[in-house]
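A short write-up of the structure that comes next.
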Amino acid sequence: DAIHRGGGQIIPTTRRCIYACQLTASPRICEPVYLVEIQVPSAAAGGIFGVLNKRRGVPIGSEQTAGTPMEVVKAYLPVNESFGFTGALRAATGGQAFPQ
């Protein structure tokens with residue numbers, strides 16, 4: 001009957017729609033990233049930014065913890081660059097940084 005459409009009517013239409021979407025899309029390659037929080041004394045915070053720059057990290061914020069000399073730095077770090085990050089961070093800050 002005319003109300004129920006068969007595959008001969010639906011499949012070509014769907015194919016054309018998907019083909020048009022592929023032609024008009026702007027594809028991108030997205031890389032997985034971690035949001036890292038690093039706690040460090042304010043005196044040793046400079047070493048963090050050097051390690052982040054070497055590993056393509058992007059700092060997004062830094063805030064001082066009230067009443068303590070500790071600072072919390074937040075950054076985006078690519079997952080591929082995160083292997084060995086803790087060791088490099090500890091070496092750059094003399095073991096004072098604590099990544100989470």
Side-chain angles (χ1 to χ4, degrees):
D1 65 44
I3 294 176
H4 298 93
R5 306 289 182 211
Q9 291 177 325
I10 294 175
I11 293 174
T13 306
T14 304
R15 183 181 298 131
R16 283 193 302 269
C17 288
I18 291 174
Y19 183 66
C21 290
Q22 289 175 346
L23 290 177
T24 60
S26 56
R28 341 178 157 191
I29 297 175
C30 296
E31 181 178 25
V33 294
Y34 285 133
L35 173 63
V36 294
E37 284 188 8
I38 305 164
Q39 294 180 355
V40 65
S42 297
I48 290 175
F49 296 105
V51 174
L52 284 172
N53 284 335
K54 286 181 188 175
R55 295 178 175 261
R56 300 185 299 129
V58 179
I60 57 170
S62 176
E63 50 187 55
Q64 184 78 25
T65 305
T68 65
M70 297 299 281
E71 190 171 332
V72 177
V73 177
K74 292 183 181 181
Y76 290 119
L77 182 69
V79 172
N80 194 29
E81 302 289 338
S82 68
F83 301 107
F85 177 68
T86 303
L89 193 62
R90 297 260 168 103
T93 60
Q96 296 179 347
F98 303 101
Q100 295 180 4

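Numbers here are sequence positions counted from 1. Predicted model, so just to flag it, every value in this text is computed and none were measured. All values below come from the heavy atoms of this structure, side chains included, with hydrogens, waters and symmetry mates left out.
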* Does Q96 have any side-chain hydrogen bond (donor to acceptor under 3.5 Å, both in side chains) partners at least two apart in sequence or in another chain, and if so, which? -> none

* **Between CD1 on residue I18 and CG on residue L23, distance to nearest 0.5 Å** => 12.0 Å

* Asked: Judged by atom type as modelled, is there a donor-acceptor pair below 3.5 Å linking the side chain of R90 to the main-chain atoms of F98?
  -> no

* Structure fact -> Heavy-atom closest pair (G7 atom, P12 atom, distance to 0.1 Å) is O-CD, 3.7 Å

* Return the minimal non-hydrogen interatomic distance between L77 and R55, and the atom names on each side. => CD1-O, 3.8 Å

* Asked: Using a distance-only test with no angle check, is there a side-chain donor-acceptor pair under 3.5 angstrom linking S42 and Q64?
  -> yes

* **M70 vs P41 side-chain heavy atoms within contact, under 4.5 Å** => yes

* Asked: Who are the side-chain hydrogen bond (donor to acceptor under 3.5 Å, both in side chains) partners of R56, not counting sequence neighbours?
  -> E31, E81

* Structure fact -> CG of L35 to CD1 of I60, rounded to nearest 0.5 Å, is 5.0 Å

* Asked: What closest approach, in Å, do P59 and A75 show between heavy atoms, and which atom pair accounts for it?
  -> CA-CB, 3.7 Å

* Structure fact -> Taking every heavy atom of P99 against every heavy atom of A97, the minimum-distance pair comes out as CD-O, 3.7 Å

* **Atom pair OH/CG of Y34 and N80 - distance to nearest 0.5 Å** => 10.5 Å

* Asked: Mind checking whether L52 and F85 have side chains closer than 4.5 Å, heavy atoms only?
  -> yes

* Asked: Are any non-hydrogen side-chain atoms of Q39 and Q100 less than 4.5 angstrom apart?
  -> yes

* Structure fact -> Residues V51 and A88: closest non-hydrogen pair is CG2-O, 3.8 Å

* **Nearest-0.5 Å distance, CD1 of residue I38 to NZ of residue K74** => 12.0 Å

* Neighbour count above 12 (heavy atom, 6.0 Å) for I11 CD1 -> no

* **Nearest heavy atoms of V73 and S62, plus distance in Å** => CG2-OG, 3.9 Å

* Could you state whether F49 and L89 fall into the same hydrophobic cluster, counting links through intermediate Ile, Leu, Val, Met, Phe, Trp or Tyr residues with side-chain heavy atoms under 4.5 angstrom apart? => yes

